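Here the structure comes first, spelled out in structure tokens, and everything after it is commentary.
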Amino acid sequence: MNVEANKRLVERFYDEVWSRGNVGFADEVFADDYVRHDLRPTKATPGAAGQARIAEQFRRAFPDLEWRVDLVIGDRDLVAARWTASGTQSGSWGDLPATGKRAIFSGVNIFRFDEGGKVVEIWNHRDDLGLMEQLGAPVFAGAPVGD
């Protein structure tokens with residue numbers, strides 16, 4: 001297993017798919033049966049097609065999306081990356097209609113690679129609380145004031 005090659009592929013994934021909008025590049029990164037671990041409920045299609053669809057829908061909602069990779073580290077079959085993104089929500093995203101608001105948010109992904117150099121598992125952690133607050137969406141993150 002080539003950790004450096006896996007790190008480069010993760011960096012290229014962010015550049016191609018998230019920065020440039022080349023969602024078809026997901027086919028080169030993800031195994032057909034990769035498993036997505038996400039704290040948010042999702043109905044994403046399995047495999048690379050599901051990852052491409054997630055990116056496509058997000059980029060449609062944030063067409064001016066800018067993506068920066070802050071850190072990439074690797075060990076054995078794992079690569080972890082922290083990123084920061086920004087963009088204006090000009091289209092609907094999930095149940096949230098377009099707000100016209102600009103947001104800056106970050107996240108961490110952990111990728112597990114197989115021997116063939118494809119991602120077979122991903123753990124996704126994005127600052128949805130901060131993102132939704134910036135977009136003006138109702139957020140409940142604890143006890144209401146006065147309780």
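Predicted model, so just to flag it, every value in this text is computed and none were measured.
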Donor-acceptor check, side chain of K118 to backbone of D27, threshold 3.5 angstrom: yes or no? yes

Expected output: side-chain E121 to main-chain Y34 donor-acceptor under 3.5 Å: no

D127 side chain to G130 main-chain N or O, any donor-acceptor pair under 3.5 Å? yes

Should I104 and W93 be counted in the same cluster of Ile, Leu, Val, Met, Phe, Trp and Tyr side chains packed under 4.5 Å apart? no

Shortest non-hydrogen separation from L96 to L135 and the atoms involved: CD2-CD1, 3.8 Å

Are I73 and V10 joined in one hydrophobic group, where the rule is that I, L, V, M, F, W and Y side chains link up if heavy atoms are under 4.5 Å apart? no

Is there a path of hydrophobic side-chain contacts, each under 4.5 Å between heavy atoms of I/L/V/M/F/W/Y residues, joining F13 to L78? no

For a 4.5 angstrom cut-off between non-hydrogen side-chain atoms, does L65 reach F58? yes

Using the salt bridge (Lys or Arg N to Asp or Glu O under 4.0 Å) criterion, which residues pair with R102? Sequence neighbours excluded. D64, E66

If we only count heavy atoms from C-beta on, is the F25 to R12 side-chain gap below 4.5 Å? yes

Counting distance only, does the side-chain N/O of R59 pair as donor-acceptor with the main-chain N or O of W18 below 3.5 Å? yes

Does the side chain of V3 come within less than 4.5 Å of D75's, by heavy atoms? no

State whether a side-chain donor-acceptor pair under 3.5 Å links D15 with W67. no

Without swapping roles, check the side chain of T88 against the backbone of S90 for a donor-acceptor pair under 3.5 Å. no

Cluster question for you: counting only ILVMFWY and a side-chain heavy-atom cut-off of under 4.5 Å, with indirect links fine, are Y14 and V23 together? yes

Check the hydrophobic clustering (I, L, V, M, F, W, Y; side-chain heavy atoms under 4.5 Å; chains of links allowed) and say if V120 and L9 are grouped together. no

Ignoring hydrogens and angles, tell me if any N or O in the side chain of Q89 forms a donor-acceptor pair with the backbone of G91 under 3.5 Å. yes

All side-chain contact (heavy atoms from CB on, under 4.5 Å) counterparts of V72, not counting sequence neighbours: K7, E11, V69, V79, A81

With F111, the side chain to side chain contact (heavy atoms under 4.5 Å, CB included) member among D77, I122, N6: I122

